[in-house]
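Notes for the one structure printed next.
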Amino acid sequence: DVERSRGLGDVYKRQLNGDGQSLGFLDIIDEYGSTPSGELAKYYAGVCYMEMENYTDAIAMLDGFSSEEKNLSAVAKGLIGDAFAQLRQPEEALEYYKKAANATNDNMLAPNFLMKAAASAERLQDYNAALGFYQTIEDDYSDSQQASDIKKYIAKAEYLVAHQE
């Protein structure tokens, strides 16, 4: 397994830096900057950094990414939230999960980001905020996968709000 992950790391490094035959994402960013191709290269470079567990560079790359495609922008913001979560920075993770959820109304994406926002809020012991995220899923995304068992999360959050010191 270690050998396999080391091999994948090499793949991501080649995708970032090129292989002598083809440009890597970092070369494309340098050459094409804020063109659509350059922006997409920022997104893919950010994904590579995430896969390599280089969360600081992933955040920097994805935070610089811009797209008119709202779902892709939302996913980038969600990935930044994931990177902050991996860095054990729940406040920042929460902010990006909220941005991601607000950036899309996609029935698969938004509830996923709302669940992550709620989990981050719970880590911060902000049970009112968590409850709000869960209720948004119930109210606005009632036919999503996350809504199928949202009532138990709402009940837990309501309990925690009622018993918070």
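For this chain, numbers begin at 1 and follow the sequence in order. Values below: every heavy atom of this structure, side chains too, minus hydrogens, waters and symmetry copies.
Residue Glu39 comes nearest to Ser34 through the heavy atom pair OE2-CA, 3.4 Å, listed as atom of the first residue, atom of the second, then distance. The shortest heavy-atom contact between Ala121 and Ala129 is CB-CB, 4.0 Å. Smallest separation of non-hydrogen atoms from Gly81 and Ala93: O-CB, 3.4 Å. Residues Pro90 and Ser120 approach most closely at O-CB, 4.0 Å, considering heavy atoms. Across Gln146 and Pro111, no two heavy atoms sit closer than the pair OE1-CB, 3.4 Å. Contact record, Gly33 with Lys42: O-CE, 4.1 Å, taken as the closest heavy-atom pair.
Side-chain atoms of Gln135 and Glu158, non-hydrogen and from C-beta on, do get closer than 4.5 Å to each other. With contacts defined as side-chain heavy-atom distances shorter than 4.5 Å, the pair Thr104/Val75 does not qualify. Between Tyr49 and Leu79 the shortest side-chain heavy-atom distance does not fall below 4.5 Å. Side-chain contact between Lys98 and Phe113 is absent, with no heavy-atom pair separated by less than 4.5 Å. For the pair Leu16/Met52, a side-chain contact is recorded, criterion being any heavy-atom separation below 4.5 Å from C-beta on. Within the 4.5 Å cutoff, the side chain of Glu95 has no heavy atoms near those of the Phe84 side chain.
The OH atom of Tyr55 sits 10.0 Å away from the CZ atom of Arg88 when rounded to the nearest 0.5 Å. Separation of atoms CG (Leu23) and CD1 (Ile29) is listed at 11.5 Å; rounding is to 0.5 Å. Going from atom CD of Glu122 over to atom CG of Leu124 covers 10.5 Å, rounded to the nearest 0.5 Å. Atom OH of Tyr43 sits about 10.5 Å away from atom SG of Cys48, to the nearest 0.5 Å. Going from atom OG of Ser22 over to atom CD1 of Ile28 covers 9.0 Å, rounded to the nearest 0.5 Å. The distance from the CD1 atom of Ile150 to the OH atom of Tyr134 is 6.5 Å, given to the nearest 0.5 Å.
No donor-acceptor pair closer than 3.5 Å links the side chain of Asp63 to the backbone N or O of Ile59. Judged by distance alone, the side chain of Tyr97 and the main-chain N or O of Asp82 form a donor-acceptor pair under 3.5 Å. Judged by distance alone, the side chain of Glu53 and the main-chain N or O of Gln86 form no donor-acceptor pair under 3.5 Å. For the pair Asn17 (side chain) and Lys13 (backbone), a donor-acceptor distance under 3.5 Å is present. Proximity of a side-chain donor or acceptor of Gln89 to a complementary backbone N or O of Glu92 within less than 3.5 Å is not detected. Between the side chain of Asn112 and the backbone N or O of Leu109 there is no donor-acceptor pair closer than 3.5 Å.
In this structure, a donor-acceptor pair under 3.5 Å is absent between the side chains of Asn105 and Tyr141. In summary, the side chains of Asn107 and Ser144 do not present any donor paired with an acceptor at a separation below 3.5 Å, with no hydrogens or angles considered.
Criterion: ILVMFWY side-chain heavy atoms under 4.5 Å apart, direct or through other members. Under it, Leu94 and Met115 are part of a common hydrophobic cluster. Linking Ile, Leu, Val, Met, Phe, Trp and Tyr whenever their side-chain heavy atoms come within less than 4.5 Å puts Ile137 and Leu131 in one cluster.
Classification of the Tyr44-Phe25 ring pair by plane angle, with boundaries at 30° and 60°, yields parallel.
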Determine, stepwise, if the pair Leu40 / Tyr32 fulfils side chain to side chain contact (heavy atoms under 4.5 Å, CB included). CA-CA 10 Å; Leu40 205 51; Tyr32 298 100; over 6 Å; no
Show your working on side chain to side chain contact (heavy atoms under 4.5 Å, CB included) between Asn128 and Asp126 and close with a plain yes or no. CA-CA 6 Å; Asn128 276 314; Asp126 187 349; 4.0 Å; yes
With side chain to side chain contact (heavy atoms under 4.5 Å, CB included) as the test, would you mind laying out the steps for Lys99 and Ile80 before giving the verdict? CA-CA 10 Å; Lys99 289 178 183 181; Ile80 295 170; over 6 Å; no
For Leu26 and Met61, run side chain to side chain contact (heavy atoms under 4.5 Å, CB included): C-alpha distance rounded to whole Å, both residues' side-chain angles, the deciding distance at 0.1 Å, then the answer. CA-CA 10 Å; Leu26 300 177; Met61 198 58 66; 3.8 Å; yes
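The neighbour count for Gln145 CD, taken as heavy atoms of other residues, nucleotides or ligands under 6.0 Å away, does not exceed 12.
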